[in-house]
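Per chain, numbering begins at 1; letters A, B, ... match sequence-line order.
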2 protein chains.
Amino acid sequence: LNHSTVEFETVALVGVGLLGGSLGLALRKRRLARRVIALARRPETARRALEIGAADEGGSDIPGGVGGADLVVLCTPVLTMPALVEQIAPRLKPGALVTDVGSTKAVLVRELPPRLRPENLYVGGHPMAGSEKTGVEAASADLFVGARYLLTPTPDTPVAAVERLERWIAGLGARPVRLQPEAHDRAVAGISHLPHVVAAALATAVASEPGAGGPDLATLRELIAGGFRSTTRIAASSPEMWRDICLTNQAAVLEALGEFERELARFRGALEAEDGNALLEAFQQARRARVELVAD
Amino acid sequence: LNHSTVEFETVALVGVGLLGGSLGLALRKRRLARRVIALARRPETARRALEIGAADEGGSDIPGGVGGADLVVLCTPVLTMPALVEQIAPRLKPGALVTDVGSTKAVLVRELPPRLRPENLYVGGHPMAGSEKTGVEAASADLFVGARYLLTPTPDTPVAAVERLERWIAGLGARPVRLQPEAHDRAVAGISHLPHVVAAALATAVASEPGAGGPDLATLRELIAGGFRSTTRIAASSPEMWRDICLTNQAAVLEALGEFERELARFRGALEAEDGNALLEAFQQARRARVELVAD
């Protein structure tokens, strides 16, 4: 791997939370850009990105900041992106590429290109890396190492732009994967969006569960072990980000949720009927599914 | 901590899977017993326990093997325990203590003592340590270090027996906690049993989800990242063990499940209505709940 290949001389990161901050750190550590610009609505956020070394310069004037960029990476919640692109479109350098790190793609592939001038191009991106931690303080230069980084070009996207982004992604240590926007959204609805909803519902349910005569919160906290810890880890993720993801992938998330509800109803039915064989079968199928899906 | 205190000279482990095997390794590493006996229905299992150093002797004659033990620890699925105690009761040494590592306690506290002779005593135990891995191969001498180890004595249990077990538990590096059997079962229904059911339903739902035009299993496997991995980790746990846990804690698990279903319905409602504020609030509450319950 040649870390000194510079695909994009100047990279502007719009939004420098966990993902934007990690991109900045990675770009600078691996010398993948000559200049990294951190742009954020709040000046303190851009300042913190500079302080931790995630950018060479930065500020809160987003349209003013993108003018020199060869690559603009949107790292804000998905639903903020259309308005953001409208704001920056007139200031973009001809030939500058726009991409993003959002977790849903069909909406963006539909909404963003019409807001750009013909001399700019959008290619949807989604690094499958993250953390329940939020904010630039949690950023890491190695967040993307070994991760899949999904790209969702359309039939209209010039192959050269996709290949350029793929080389840039490889430079980050990630593994580029091409997917159609709709296939992307359906796939991540099950393996990522549904688990976030489930983990969130579980955390709230357990915290609110103790009824009359039940254990108090202090006892629960004292007793909690690894199972609850890992099952609900992602319930601490950014609420704004996950609201936007759910809203922009509504149909696929509802479909995945329906499948989950059916499975849960099967457990409830077996448990109500005290049907040991049905319970055993359900747990056995789950174990096979987990082993099939995840190589640990 | 004085690791050479021997509370029980001879300890018999009935069942040497993950927990029994780990107990054996810990007892021998920390010199907490003069003799550890591994007993298992299948001779190969006892043999493997001996091979990995989890016991000094072992075999498949369970009633014959417990005769010399000062402490008998039942490490088999909960529902096997009543019959097991019936088998071993006539062979127990007078004064020998019986405990277990099962995840539900009220049923055992009710069912086991009447099967023992008056010169023996049962105290329910539940080490809050485990792994999705199963079998003696996954055993570890340090599994209990730092873990809560719950004891569920009843008003009839002599304090001396409880205190003796507590010293033994401290010797393992774990932290003994006393709870009433019913309070125990309600607490673990939410923080442990419900998460197992949820993780299992999620694993099965995602593996079976791809419908017409959806992503195939190979694509999902390729894309799966940390979120799904941690949320479903415990779905790989022992199906037999979890069947028994659900069956012996039915009412509390159903109650916890009901709370979870209500929370899930709230997400569904907000998502169907595309109600961004309701979704944001639900994710925010979940994040607060997670932070409140788990100090990471």
Side-chain angles (χ1 to χ4, degrees), chain A residues 128 148 183 186-187 190-192 195 197-207 209 214-215 219-221 223-225 227-236 239 242-243 246-247 250 254 256-257 259-260 263-264 267-268 271 274 276 279-280 283-287 289-294, chain B residues 128 148 183 186-187 190-192 195 197-207 209 214-215 219-221 223-225 227-236 239 242-243 246-247 250 254 256-257 259-260 263-264 267-268 271 274 276 279-280 283-287 289-294:
Chain A
M128 298 287 283
R148 306 295 187 288
R186 291 192 62 167
I191 62 173
S192 170
V197 169
V198 165
L202 183 59
T204 302
V206 171
E209 195 231 332
T219 305
L220 292 181
R221 198 184 300 121
L223 300 184
I224 272 168
F228 183 82
R229 200 179 286 265
S230 66
T231 314
T232 60
R233 181 177 60 80
I234 55 178
W242 282 95
R243 173 199 56 197
C246 285
L247 289 176
Q250 189 210 23
L254 282 173
L257 184 56
E259 193 65 52
F260 174 69
E263 212 36 57
L264 202 64
F267 275 96
R268 170 176 277 285
L271 195 48
E274 301 185 69
L279 275 173
L280 182 64
F283 278 119
Q284 282 171 336
Q285 188 180 347
R287 182 188 222 184
R290 176 57 164 65
V291 170
E292 227 170 90
L293 286 169
V294 182
Chain B
M128 297 288 281
R148 305 297 187 286
R186 291 193 60 168
I191 61 173
S192 171
V197 169
V198 166
L202 183 59
T204 301
V206 171
E209 197 230 332
T219 305
L220 292 181
R221 198 184 300 123
L223 300 183
I224 272 168
F228 182 82
R229 201 179 284 265
S230 65
T231 313
T232 59
R233 181 177 59 81
I234 54 178
W242 283 97
R243 172 200 56 197
C246 285
L247 288 176
Q250 189 211 25
L254 280 174
L257 184 57
E259 194 65 53
F260 174 71
E263 213 35 58
L264 202 64
F267 274 95
R268 168 175 279 284
L271 194 49
E274 301 185 69
L279 275 174
L280 182 64
F283 278 119
Q284 281 171 337
Q285 188 180 346
R287 184 189 220 183
R290 177 57 165 65
V291 169
E292 226 171 272
L293 286 169
V294 182

Donor-acceptor pair, side chain of B:Arg290 and main chain of A:Thr232, under 3.5 angstrom
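Flag set: sc B:Arg290 to bb A:Thr232 pair under 3.5 Å.
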Could you look at [X] and say if it's the side chain, the backbone, both or neither that has a heavy atom under 4.5 Å from chain A?
| X | result |
| --- | --- |
| B:Ile234 | side chain |
| B:Ser192 | neither |
| B:Arg148 | side chain |
| B:Phe267 | side chain |

Could you check which of [options] has the highest count of heavy-atom pairs closer than 4.5 Å to chain B?
| options | answer |
| --- | --- |
| A:Leu279, A:Leu264, A:Val291 | A:Leu264 |
| A:Ala289, A:Ala200, A:Ser230, A:Ala235 | A:Ser230 |
| A:Gln250, A:Gln285, A:Met128 | A:Gln250 |

For A:Leu271 and B:Cys246, the nearest pair of non-hydrogen atoms, with its separation, is CD1-O, 3.4 Å
query = Going through the checks in order, is the side chain to side chain contact (heavy atoms under 4.5 Å, CB included) test met by A:Arg233 and B:Thr231?
reply = CA-CA 7 Å; A:Arg233 181 177 60 80; B:Thr231 313; over 6 Å; no
Below 4.5 Å, heavy atoms only, C-beta onward: do A:Val206 and B:Phe260 meet side chain to side chain?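 With C-beta onward as the side chain, the pair stays apart.
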Could you give the distance from [atom1] ([X]) to [atom2] ([Y]), rounded to the nearest 0.5 Å?
| X | Y | atom1 | atom2 | value |
| --- | --- | --- | --- | --- |
| B:Leu293 | A:Leu220 | CG | CG | 6.5 Å |
| A:Arg229 | B:Ile191 | CZ | CD1 | 10.5 Å |
| A:Thr204 | B:Gln284 | OG1 | CD | 11.0 Å |

